[in-house]
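As structure tokens, the structure follows; a few thoughts come after it.
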Number of protein chains: 2
Amino acid sequence: MQKKLPTIKEIANRLNISVSTVSRALHDHPSIGLRTKTRVQQLANELGYEPNQTAIFFKQRKTFTIGVVLPYLIEDFFAGAISGIEDVANQNKYNVLIGQSHDDVEREKAIITAMKNQRVDGIIVSLSKHTKNLEHFTSLQKYQIPVVFFDRVPASGEYSKVAFDMPQGTHEAISYLMEKGHRRIGIINGPKEMKSSRERTDTYMNVMKKKRLKIDLSLVAYSDLTKEGTASAMESLLTLRQPPTAILAINDYVALDAIQYARSHKLKNNKDIFFVSYANLPITNYLESPPMASIEQYPGKQGAKAAEILLNLINHEGDNDPVHENVLIRGELIVHKR
Amino acid sequence: MQKKLPTIKEIANRLNISVSTVSRALHDHPSIGLRTKTRVQQLANELGYEPNQTAIFFKQRKTFTIGVVLPYLIEDFFAGAISGIEDVANQNKYNVLIGQSHDDVEREKAIITAMKNQRVDGIIVSLSKHTKNLEHFTSLQKYQIPVVFFDRVPASGEYSKVAFDMPQGTHEAISYLMEKGHRRIGIINGPKEMKSSRERTDTYMNVMKKKRLKIDLSLVAYSDLTKEGTASAMESLLTLRQPPTAILAINDYVALDAIQYARSHKLKNNKDIFFVSYANLPITNYLESPPMASIEQYPGKQGAKAAEILLNLINHEGDNDPVHENVLIRGELIVHKR
DNA sequence: CTGTTAGCGCGTTCAT
DNA sequence: ATGAACGCGCTAACAG
């Protein structure tokens, strides 16, 4: 029953030659006679020989595998990112091993350890929401395992990272709203701890300053990303003496919750109030009343870029001067037709 | 620079004992003295010893890795499925290797070959749209690599599979519509080649027959899943002398296209015409005018179930009577509040 | 309780 | 042009 897979040894025995000859023949080594070469290759075909990668990995200390660690596979953004990663990896004959942290630091650590033990050649990470301590990543450096962060990247430190260009995207969004005549623009951020919240707020203030408009921090609200959190953020904005005429929301889902809230308070979207949000759900086309525009963040592109950088790092590990690329992916403002 | 990882050999040398003793100590082997055991374990900790999994995989002829091959990672359904797979695998200390076929048979084959060579312990597959010949899967059997199909499963043959229970789900949907008083119910299938189209149509006819209602095949339309295809399907339905009062659509996206079409023809959704569709997009809650109901197909559950079956198969490969489970996942009718 | 040895499959010197 | 021999790190059968 145990149909054993053929090995080079078996081929060697059958042909009464040595394993090293077989190995060479299979690799088209120049010093092998044409005759033996063809004999070997033919028998290999007949037997359906396939090299045992586990042996090769072991021997070469290289697995042609990259690990990807991210919070949730199911989220649109991450699904898009991993798709991009897999494409690039595949083109370069690399495999992709995945792990979801579920935004749990302990799981994140465990996954990293497992991947390290499995000798993946490199790792791509989008941090768990609560990861403060980066030790489990820094320790990888001494094992020569390069790491590239994307989207949820460390706030500081010498790392390779790929992330959305928040200043650029936000600038574009605000400019767009201003062109449309808006002067009081509200913001709904995610939790204050998120790097993106700070960045968004900072950019907002910079743009306002540049345009010589008064900065009013009561226009900046925070949501924990739940429907309720967004509702209370909206409440705080709409009950201002001078409520905003347009709102920039952290993502489409939050924007939709906000639109619902507005509607329930007799404010008609795209008439009484306007929204622009980040990430661009495929679904927005189907909405009767979508946000006015979304800022596409190109998850697939981010993933692909992260993979490219990682592969570069892997193939230059000899260089003892690892350059840490810090790539920003430009967002694009997509105006939704209605 | 090359910080070499500690091996059991190194530990053995430092302690002047043999590698096998170290190996046993690390594995808590009963026949090792408490004293040496602690000495070994302590040194292992100090050195930060971690077993080299590539060596273990090689030696054990087992990789604790399962491969997952599916068309597109980015589709909601598949993203959900792989998330469920990863969860189950993770709980059982298995790794997950992914590959996207992009609905291309050649890529599918290449991925399978690579996974085979890498000696994954088993494979979970959702077939590419065009896969007719299953040879690349059947050949896996002789290498003792079990395979479980899900969602896009082979129409026939002795395989383990997990799929949506189309008859049950469709029956439930139609019953619901009938309760609401509908007697002329239209169908928008996917392409005729899809197994699900046949199943849906068959179930539809069965239900109608059972309810002693006249079967009218002009009520069954097909869409290639593009907006245009759906529009022409809708046209064929709405121009019938007796157009349907409710429509069952292959999925939410198609339903949304259909709703748009209806609206552009002055038919108000959930008033003049009603829709029920399969798969349950998270977004439906945000729609002003969603389908009346969706049939949730539980992608995560399908993935998880497939993984469970696969792990069972892997751990019973000794049994020379491999039972091929054929699991149907019950759909659930989710009525959308508006 | 512990040590010795063999071997998993492959690539790679080093000989010849 | 080919072969012999070694070792990657680990486990396990066999021997004390």
Side-chain angles (χ1 to χ4, degrees), chain A residues 2-41 43-44 47-65 114 116-121 143-144, chain B residues 2-41 43-44 47-65 114 116-121 143-144:
Chain A
Q2 178 89 349
K3 157 115 178 147
K4 242 187 59 190
L5 295 138
T7 67
I8 53 171
K9 192 200 227 168
E10 163 133 14
I11 298 180
N13 287 338
R14 296 212 191 202
L15 261 36
N16 276 319
I17 57 179
S18 79
V19 289
S20 42
T21 305
V22 175
S23 174
R24 291 183 186 115
L26 258 15
H27 288 239
D28 241 4
H29 192 286
S31 78
I32 295 293
L34 180 60
R35 196 179 134 55
T36 39
K37 198 179 282 185
T38 45
R39 280 184 50 202
V40 168
Q41 290 174 346
L43 182 56
L47 298 177
Y49 169 80
E50 297 278 359
N52 181 340
Q53 291 294 353
T54 66
I56 296 175
F57 291 167
F58 170 48
K59 173 132 188 60
Q60 313 288 67
R61 286 119 176 277
K62 176 135 174 61
T63 56
F64 287 97
T65 300
K116 178 184 64 182
N117 295 349
Q118 246 191 302
R119 305 295 191 265
V120 296
D121 294 335
Y143 299 122
Q144 331 271 112
Chain B
Q2 177 89 348
K3 157 114 178 147
K4 241 188 59 192
L5 296 140
T7 66
I8 53 172
K9 193 199 224 169
E10 162 133 15
I11 297 180
N13 286 341
R14 295 212 192 201
L15 260 38
N16 276 319
I17 57 179
S18 80
V19 290
S20 47
T21 304
V22 175
S23 173
R24 291 183 186 114
L26 258 15
H27 288 255
D28 241 5
H29 194 285
S31 78
I32 296 291
L34 180 61
R35 198 180 133 55
T36 39
K37 195 179 287 186
T38 46
R39 277 190 6 158
V40 168
Q41 290 174 346
L43 182 57
L47 298 178
Y49 169 81
E50 297 277 0
N52 181 339
Q53 292 293 353
T54 65
I56 297 176
F57 291 167
F58 170 48
K59 167 108 184 103
Q60 311 289 70
R61 287 119 175 284
K62 177 140 174 55
T63 56
F64 286 98
T65 299
K116 179 185 65 184
N117 294 350
Q118 238 185 309
R119 305 298 192 263
V120 297
D121 294 336
Y143 299 121
Q144 331 270 111

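All chains are named by letter (A, B, ...) in the order of the sequence lines, taking the proteins before the strands, and each is independently numbered beginning at 1.
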- Query: How far apart are the C-alpha atoms of A/Val40 and A/Ile17, what are their side-chain angles, what is the distance that settles it, and do they pass the side chain to side chain contact (heavy atoms under 4.5 Å, CB included) test?
  - Reply: CA-CA 10 Å; A/Val40 168; A/Ile17 57 179; 3.7 Å; yes
[N] phosphate, OP1 or OP2: any side-chain N/O from [X] under 4.0 angstrom?
X	N	answer
A/Arg61	D/dG9	yes
A/Thr21	D/dG3	yes
B/Ser23	D/dA12	no
B/Lys9	D/dG7	no
B/Tyr49	D/dG9	no
A/Thr36	D/dT2	yes

To the nearest Å, how far apart are [X] [atom1] and [N] [atom2]?
X	N	atom1	atom2	result
B/Lys62	D/dA12	NZ	P	14 Å
A/Gln118	D/dG9	CD	C1'	15 Å
B/Ile11	D/dG9	CD1	C1'	12 Å
B/His27	C/dC1	NE2	P	19 Å
A/His29	C/dC10	NE2	P	17 Å
A/Leu15	D/dA1	CG	P	18 Å

- After noting the C-alpha distance and the side-chain angles of B/Leu5 and A/Arg119, does the key distance pass the side chain to side chain contact (heavy atoms under 4.5 Å, CB included) rule? CA-CA 11 Å; B/Leu5 296 140; A/Arg119 305 295 191 265; 3.8 Å; yes
Remember a base hit wins even if backbone is also touched, and classify [X] as base, sugar-phosphate or nothing at under 4.0 Å, heavy atoms.
X	result
A/Thr54	nothing
B/Ile8	base
B/Ser31	base
B/Lys59	base

Ignoring the backbone of [X], work out which of [options] is nearest its side chain.
X	options	value
B/Ala55	D/dT11, C/dC1, D/dG9	D/dG9
A/Thr7	C/dG3, D/dT2, C/dC10	C/dC10
B/Ile56	C/dT2, D/dA4, D/dT11	D/dT11
B/Gln60	D/dA12, C/dG3, D/dG3	D/dA12

- Of B/Ser20 and A/Asn52, the one whose closest DNA chain C nucleotide lies more 5': B/Ser20
When rounded to the nearest 0.5 angstrom, what distance separates [atom1] in [X] from [atom2] in [Y]?
X	Y	atom1	atom2	result
A/Leu26	A/Leu43	CG	CG	10.0 Å
A/Gln118	A/Thr65	CD	OG1	7.5 Å
B/Asn52	A/Lys116	CG	NZ	11.5 Å

- Pi stacking test for B/Phe58 and C/dC8: under 5.5 Å apart, planes under 30°: yes
- State whether the distance check finds a donor on one side and an acceptor on the other, under 3.5 Å, for side chain A/Arg24 versus base C/dT13. yes
- Item | Flag, side chain of B/His29 to backbone of B/Ser31, donor-acceptor distance under 3.5 Å | yes
